Amino acid sequence: MKILITGAAGQIGSELVVALRKQYGISNVITSDINSKANEAILQEGPFELADCTNYQQIKNVIQKHHIKVIYHLAAILSGVAEAKPQLAWNVNMNGLYHILELAREYHCSVFTPSSIGAFGPSTPRDKTPQDTIQRPTSCYGVTKVAGELLCDYYFRKYGLDTRGLRYPGIISNVTLPGGGTTDYAVEIFYEAIQHKKYTCFLKQGTFLDMMYMPDALQAAIQLMETDPKNLKHRNAFNVTAMSFAPEHIFGEIKQHIPDFTMDYKIDPVRQCIADSWPRSMDDSAARQEWGWSPQYDLSKMTTDMIQVLLKKLK
Ligand code: NAD
Ligand code: SER
């Protein structure tokens, strides 16, 4: 079974490729991105294709050439960048997904597409946000994410295409820096704590958001794609979360490891506005019931691991 990862050079892709190649074999996992330089060593350990998801023919060539049967479609523009460049975000997030779905229909592939906490908006219940609830996002990113969820469900209902997805919270990782999202502060803070013992946070105190450590994010995607479809009542997309905290909580946790670490705040109004429209904590019981979702990392365990890994990486 040949697997394609689009957007493979990004924060999630650069680690998903390693997990999938370990499980399915290096030559069975084909990576692609518009960026052939980032994470070159990881991606080009196996087959890599330079391909733009907004270009139907380029993606078609890759799927044909490698006889792809499963697609992890990660190529996207994240929330902060999407607010600065909404036209680009619409083109990549919507037309890119449309091309993937059309090609998956033609070549009988199954498709994993990550949605996000960004698919919710200010009229959504913000605490214990239900799986099925009001979705009226106000960011461009959110508009593309909720439309993407609906489009994937439509292809499942209309064509029987095996589409599955997760509403990821902010993902925290130590291999690749995040690509311009609202939750990026929760990654940056570790690098700054270790390198400069000082961090200026762009979200204000008390801004609770759902988060997850990368090993859980990878496990969730692979586990969902391997689940017997007869167990799935929902498809696009499952709420999944591992922890919910505000900037002062992650600061306090890091300070236990680095006692002279300090933090102040300089609020970015654009990203603060986005964060204020997102859930404070999601209810992920549908994922737990339908395919056994169970995260391994809480804030404390993640912080210990992040600091251990980054101390080695950054020294
Ligand atoms: P990222 O920004 O780190 O990586 C995205 C990758 O897509 C980049 O390598 C970029 O070069 C590539 N890309 C951009 N435009 C492209 C195009 N036209 N064709 C092909 N590739 C293109 O993003 P990520 O954090 O790895 O996110 C992956 C997916 O997960 C996205 O759909 C994102 O919305 C979703 N998600 C991420 C998070 C998170 O916290 N990282 C949270 C929720 C959802
Ligand atoms: N981490 C992502 C972002 O902030 C959430 O989808 O854009």
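Predicted model only: the values in this text are computed from it and were never measured. For ligands, and for the atoms within them, numbers begin at 1 and follow the listed sequence. In this chain, numbering begins with 1 at the start of the sequence shown.
The distance criterion of under 3.5 Å between nitrogen or oxygen atoms is not met by W278 with respect to ligand 2. At a 3.5 angstrom cut-off on N or O pairs, Y168 does not count as close to ligand 2. Considering backbone and side-chain atoms together, D184 places no N or O closer than 3.5 Å to any N or O of ligand 2.
Close contacts of ligand 2 with Y141, meaning ligand atoms under 4.0 Å from a residue heavy atom, involve 5 (C), 6 (O), 7 (O). Of all atoms in ligand 1, listed by their number and element, those nearer than 4.0 Å to a heavy atom of S115 are 43 (C), 44 (C). Close approach of ligand 1 to P114 is summarised as follows: ligand atoms under 4.0 Å from at least one heavy atom of the residue are 29 (C), 30 (O), 32 (O), 35 (C).
Ranking protein heavy atoms by distance to atom 37 (C) of ligand 1, first place goes to I12 CD1, 3.7 Å.
The closest heavy-atom contact to atom 2 (C) of ligand 2, among the options I117, I77, T183, comes from T183.
A salt bridge links R164 with D162: the closest approach of a Lys/Arg side-chain nitrogen to an acidic carboxylate oxygen falls below 4.0 angstrom. Between K128 and D283 no salt bridge is recorded (no basic side-chain N to carboxylate O distance below 4.0 Å).
V309 places none of its side-chain heavy atoms less than 4.5 Å from the side chain of I307.
K313 is linked by a side chain to side chain donor-acceptor pair (under 3.5 Å) to Y191, counting only residues two or more places apart in sequence or in another chain.
Of the residues listed (R167, K145, E149), the one engaging S115 in a side-chain hydrogen bond (donor to acceptor under 3.5 Å, both in side chains) is E149, and it is the only one.
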